[in-house]
Amino acid sequence: MAGPPHVRELTVDDLTDAWHLGRRAFGSDPQPAPQATVAVPGLTRYGAFDDTSRLLGKAVDLHHEQWWSGRAVPAADVGGVAVAPEARGRGVARALLTGLLRGAHERGAAVSALFPTVTAPYRACGWDVAGVMRTVDVPTVALPRHRPAPHLSVRAGAPEDMPAVVALYERLARDRRGLLTRRGDLFDRHTTADTLPFDGLTLVEDDGHLVGYASWDRGRGYGDDAVLTVHDVLATTADAARELAGVLASWHSVTPTLRLRLLDGDAVSAHLPLEAVREHEQEPWMHRPVDVTRAVAARGWPTHTRGTVEFTLTDELAEWNTGTWRLTVADGAAELTRSTAEADLHLSVRGFALLYSGASTGASVADAGLLRATGADPRALDLLAAGGAAHLLDYF
């Protein structure tokens, strides 16, 4: 690689080479999935090339939305980052992510999340760890049994029930922070397909209205190592949560283990034997702003929070974020405007990511070297962290 890599959107003609690059990086199946080598709505693929047009690396911008306190924020979530082994350590990933951020900014994205295989390269590009997506194992026999609620009905779901399932998920997700909306081209096919995207769907209804559901894959076998993988188990009432727990408990004779992702503090978690939970996998996820003004204006903010703080921000990959800013929060909304004042708080883009996602506080960000306060109290930037911690339930 003689000169710096050239980054551009991949064309259909590039996709076979991109798939082979990803297969070598991630050890995937020897045959491509149907969507791997064709154009797919709802995402943008980027490639980095040398001066001979050889593909050195690739990355995908997933056109998601994230819920932030009742408002859907346009996101450029990142997946499939891979660099050819011969080109690693030569700035290819940084060039790719710079190009991806620029393209995402041009299409109107505000924030970005990703699941890293290693955190250091992404931290060097402005992302930082905002949370951990936990997958846990629960002994099926430990789940509580109860008398079924007479006002609820339980039935198997079908493809035509998926719009109601998505609507229930949205009701629970929208007031959280960070959860995907599960809208758009990458998700819509699940609500219109002739088959379910998982083995089974269990619905709990109250007078015909959906109040809880569990989606699951059966797995193989019925011995001591058999596992029922639960993709979602969500409920809008305590009775529905207890009903779902009872249905899952009924698998104890053939699947001794349930594997699921918990949503902290929700109705279902309140009825699970958390003392019996064992960690199966932890997936740290990272966050960063694509455009700080959009990220602040697009999300919801706590209605009781009010205040103003000024700070400078440095973002080497997204220069439109660099400068001195005034953050104003009031009445459930916020605004970030350019300021000519001499700010005493100097924030890195990683520090912004940690505060925005509720993963840290101003004092802790300063302790980590991501915020420099010259004669000012770093806790003033707790205003940017208002709203609580973010979560993710979807791996991408």
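In what follows, every heavy atom counts, from backbone to side chain, and hydrogens, waters and symmetry copies are set aside. Along the sequence shown, residues carry numbers from 1.
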If you look at every heavy atom in Val138 and Pro273, which pair is closest and at what distance?
CG1-CG, 4.3 Å
Could you tell me if the ring centre of Tyr169 sits under 6.0 Å from that of Trp67?
no
When every non-hydrogen atom of Asp394 is compared with those of Arg261, the smallest separation belongs to CA-NH1, 4.2 Å
Between Asp382 and Thr361 (side chain of the first, backbone of the second, donor and acceptor by atom type, cut-off under 3.5 Å), is there such a pair?
no
Going by salt bridge (charged side-chain N to carboxylate O under 4.0 Å, His left out), name the pairs with one or both residues in residues 203-222, residues two or more places apart or in two chains.
Arg155-Glu205
Mark yes or no for whether Arg189, through its side chain, and Leu186, through its backbone, hold a donor-acceptor pair below 3.5 Å.
yes
Salt bridge (charged side-chain N to carboxylate O under 4.0 Å, His left out): which pairs involve residues 9-21, sequence neighbours left out?
Arg8-Asp14
Write down the atom of Leu96, the atom of Ala82, and the distance for their closest heavy-atom approach.
CD1-O, 4.4 Å
Shared hydrophobic cluster, Met162 / Leu203 (ILVMFWY, side-chain heavy atoms < 4.5 Å):
yes
Verify, without hydrogens or angle tests, whether Thr236 (side chain) and Val211 (backbone) share a donor-acceptor contact under 3.5 angstrom.
yes
State, without any angle test, whether Thr293 and Asp291 hold a side-chain donor-acceptor pair at a distance under 3.5 Å.
yes
Quick one: is the NZ or CZ of Arg288 closer than 6.0 Å to the six-membered ring centre of Tyr356, and within 45° of its axis?
no
Given the options Tyr122, Phe352, Trp68, His287 meets ring pair (Phe, Tyr, Trp, His ring centres under 6.0 Å) only with Trp68
Side-chain donor or acceptor of Thr322 paired with backbone N/O of Asp315 under 3.5 Å
yes
For residues 126-134, run the donor-acceptor check on the side chains, cut-off 3.5 Å, and write out each pair with its distance to 0.1 Å, sequence neighbours left out.
| unit_1 | atom_1 | unit_2 | atom_2 | d |
| --- | --- | --- | --- | --- |
| Trp127 | NE1 | Ser112 | OG | 3.1 |
| Asp128 | OD1 | Arg123 | NE | 2.9 |
| Asp128 | OD1 | Arg123 | NH2 | 3.3 |
| Asp128 | OD2 | Arg350 | NE | 2.8 |
| Asp128 | OD2 | Arg350 | NH2 | 3.0 |
| Arg134 | NE | Glu279 | OE2 | 2.8 |
| Arg134 | NH2 | Glu279 | OE2 | 2.7 |

Partners meeting ring-ring contact (aromatic ring centres under 6.0 Å, His included) with Trp301 (sequence neighbours left out):
none
Decide if the gap between the ring center of Trp320 and the ring center of His105 is smaller than 6.0 angstrom.
yes
With sequence neighbours excluded, what pairs up with His391 under the ring-ring contact (aromatic ring centres under 6.0 Å, His included) test?
none
Crowding at CD, Glu283 (>12 non-hydrogen neighbours, <6.0 Å)
yes
What residues, two or more places apart in sequence or in another chain, satisfy ring-ring contact (aromatic ring centres under 6.0 Å, His included) together with Phe26?
none
